[in-house]
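Computed from a predicted structure; not experimentally measured. The residues of the chain are indexed from 1 along the displayed sequence. Counting convention: from 1, in listed order, for ligands and their atoms alike.
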Amino acid sequence: MKRTSLIGQLGQAQQQQTVTLQGWVSRRRDLGGLIFLELRDRSGTVQVQVEPDSPAFAEADRLRAEYVAEIEGTFQPRPESQRKGGLADFEVIASRVKVLNAAKTPPFELDKGESVAEDIRLKYRYLDLRRGEMQRALMLRSKAVTAVTEFLDAEGFLQVETPMLTKSTPEGARDFLVPSRLNPGEFYALPQSPQLFKQLLMIAGFDRYYQLARCFRDEDLRADRQPDFTQLDMEMSFVEQDDVLEVQERLLVHVFRRVLDVELPLPFPRMSYFDAMDRYGSDKPDLRFDSAFTDVTGLFRGGEFAAFASAPSVKVLVAPELTRKQIDELERVAKQNGAGGLAWLRRDGEGFTGGISKFVGGIAPQLIEQTGVAPGGTLLFAAGEWKKAVTALGAVRLALRDLFDLAAGGPQFHVSWVVDFPQLEFDEDSQSWTYMHHPFTAPHPDDVALFGTERQGEMRAQAYDLVMNGFEIGGGSVRIHDPEVQAKMFQAIGFSEEAAREKFGFFLDALEYGTPPHGGIAWGFDRLLMLMSGAGSIREVIAFPKNNRGADLMAQAPSPVEDAQLAEVGVQVRGE
Ligand code: ASP
C-alpha cells in the first residue's frame, strides 16, 4: 500500500478522508481498552486511535515505541475540548494497522533527548537524529544550501569540485595526512581549504566559483570546531574588496530571508581590526551589546598608581554592581587570557571604594566623566602592552555578557565586517613574522612599499572577516596576483624561494601565466547554521559529527588497522 501523504501535509482538506500513513510510533498508550498511538514521520506527528472492536486492534497491540508502522484510517477532527491547534486538532481513527518493522527498546527516550549525555546521543546518532530538534536542524541546513545555490547560480558563480587528496594548504592548522600506497613513503594532505585550487580556477578563467567544500584541520576541538567541516568557498575575478563584500552582503541577506524569514539590515557596519581590538578586545566582537572600553592610559600616566603609571595601555570596562565573588571570577577570566590581574573600583557617590580606590582619589571626577559609570557600578581595568591588555579585557567583556545576559537587549543577529587586518603578525614563539590570514593575501596597495622595512608590521591587508554575534562566520581577502609581490610576501615571512617552490611551486608557476586580479571568501557553513538555528554547538547542525576528542562514537573512528593494511601503505606505527 502506498502512503497517501506525509503526516505534516494533512489538514482541513483531508477531513473525513481515508488516509494511509507510514512512520514510527513515538508513543503508545492504552486507555480503557482503546489504544492511542502517536505516529511520526519527518514532517509531523499525528494521534491515532484504535478502538477495541477494530479489525486493526490485534496488530496495533503489537506496536511499541519506535516500531515502524503503516496505518490506514479516517482523518477527523478531535473533540472540541481536546484541540490545541494545527495537527493536534485532528486524529486518525484506524481501520487497518500493519507492523512494517519491530524495534529494540531505544537506549534513551527520544523525547528527553536534550538531557541525555551527548556521548550516548552520538553513539546512537541515527536515533538522536529522529528527534524533532535534529530533524529541524538538518532541514534548515538543506534549505540554506538551496538558498545559497539559487543565489550564487543566479549571480553567475560556477560550482567546481576540488580534490580531497592533495597537498598542504597553509591555513594555520595541522594537516591530516593520507599515506599513498602507490608511492610508498609519500603522503597526501587533506585540504585545510581549497584556497590554491580556487585561485587556479580564476587563473583558468572561470571568473566566479563556489563550492560547499569539505575541509580538514587537525586542531584542538571546541564547541564551534570539528576536524572535518564544511566551508562555503567562493572566489571572484576582476574584483576589488568592495565588490566581494557587496555580493556577500546580498547573499547573506538572501539566505536569512529564505531560511528564517528574517530581514538583515544592510549595509553591514564595517570596523577596522584596530578599532575592534581597541574597543572590544576581539577581532570578532559581539556587537549585540556595546560595552566598549574607554582608554585611560593618559589619565594614569605618571600618577600615584605605580602599576598603571608607566603602562603602555590602560583600558577600562564599565560593569554593573558586582559582588566580590563575581569580581574574583572575572579576574580568573582575565588571568586565563593573559592579564596579570584585574584591577577594579566601585563608584560610591562622587568617588570610589574597593580595589585600587586608594590610588585614584585625585582623578575620580575624570574617571566618572570619561567612563560614565553610574553610582554602585564597577570599573574593571586591564593594563600593559596594548594587545595583551585589550585581549584580556575582551574576554572579561564576554564573561560579563554571559553573567548579565547583555546580548538579550540587542538584535537576534548582529552582522558586521572587520576589515584592515594587519598583513603580518609577529610570532613570539618563533620570533619571526608570519602571515595573519594566509600568504596569498594582498596587502593594501598604499602599504606594499613597507615590505622589508622596519614598519612592515603596520602593513594593512586587504582581508576581511564576516562576524556574527561574536563568531567569525567568514573570512577572505583580495589575493596577490603579481608574482613580484608574492615573492616579497614569502620573503617577509621567512620563506626561502626553495621552500616556497617545494610547497607551492605549481601555484607560483601558474601566477606567471596571466593571473587576473581576484579575491574571495569562505564561510564557516556549520558555524553559520549553528547561529541560525540557535544551537549551542556545531555538532547540533552536523548529521554525524565527532565528539570533542575528535572521535566518531558511532562508527568508532579513529581505530587501529591491521598490520597488513599498514604494510601495504608502507607505514609502521611507532611504539610509545
Ligand atoms: N581559504 C580561506 C580560509 O579558509 C578563506 C579565503 O581566504 O577565501 O579561511
Number the atoms of ligand 1 from 1 as they appear, then name those within less than 4.0 Å of a heavy atom of [X], with their elements.
{"X": "E171", "answer": "1 (N), 2 (C), 3 (C), 4 (O), 9 (O)"}
{"X": "I521", "answer": "8 (O)"}
{"X": "R217", "answer": "3 (C), 4 (O)"}
{"X": "K198", "answer": "6 (C), 8 (O)"}
{"X": "A522", "answer": "5 (C), 8 (O)"}
{"X": "Q231", "answer": "3 (C), 4 (O)"}

Taking distance alone, no hydrogens or angles, what donor-acceptor pairs closer than 3.5 Å link side-chain atoms of residues 131-139 to residues at least two apart or in another chain?
from : atom 1 : to   : atom 2 : distance (Å)
R131 : NE     : D128 : OD1    : 2.8
R131 : NH1    : E114 : OE1    : 3.3
R131 : NH1    : E133 : OE1    : 3.2
R131 : NH2    : D128 : OD1    : 3.3
Q135 : NE2    : L129 : O      : 3.0

Quiz item: If you take all heavy atoms of S272 and V418, which pair is closest and at what distance?
Solution: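 Shortest heavy-atom contact: C-CG1, 4.2 Å.
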
Self-check item: Option of least heavy-atom distance to atom 6 (C) of ligand 1 (set: Q195, E472, Q192)
Solution: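 Selected option, by shortest heavy-atom distance: Q195.
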
Self-check item: Check: H438 and R479 side chains under 4.5 Å, non-hydrogen atoms
Solution: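 Yes. Closest side-chain heavy atoms under 4.5 Å.
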
Quiz item: Name the one of K198, Q159, E235 that satisfies side chain to side chain donor-acceptor pair (under 3.5 Å) with Y210?
Solution: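 So the option named by the test is Q159.
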
Exercise. Please report which non-hydrogen protein atom sits nearest to atom 5 (C) of ligand 1, along with the residue it belongs to and the distance in Å to one decimal place.
Key: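 Closest protein heavy atom to atom 5 (C) of ligand 1: G475 O, 3.3 Å.
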
Side-chain donor-acceptor pairs under 3.5 Å in residues 170-182, sequence neighbours left out?
from : atom 1 : to   : atom 2 : distance (Å)
E171 : OE2    : S193 : OG     : 2.6
D175 : OD1    : S168 : OG     : 3.4
D175 : OD1    : Q192 : NE2    : 2.7
D175 : OD2    : S168 : OG     : 2.7
S180 : OG     : N183 : N      : 3.0
S180 : OG     : N183 : ND2    : 3.0

Exercise. Could you establish whether H437 and ligand 1 come within less than 4.0 Å of each other, counting only heavy atoms on the residue side?
Key: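 It does, in that a heavy atom of H437 comes within the 4.0 Å cut-off of ligand 1.
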
Practice problem: Say whether M234 and ligand 1 are in contact under the criterion: heavy-atom distance to a ligand atom below 4.0 Å. | Solution: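 Checking ligand 1 against M234, which is what was asked, there is no heavy-atom contact under 4.0 Å.
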
Quiz item: Can you name the one residue among F504, Y435, F451 that meets ring-ring contact (aromatic ring centres under 6.0 Å, His included) with F490?
Solution: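 So the option named by the test is F504.
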
Self-check item: Short N or O distance, E235 and ligand 1, threshold 3.5 Å exclusive
Solution: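 No, no N or O pair falls under 3.5 Å.
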
Quiz item: Do the rings of F421 and Y273 sit parallel, tilted or perpendicular, given the 30° and 60° boundaries?
Solution: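 The rings of F421 and Y273 sit tilted, inter-plane angle from 30° to 60°.
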
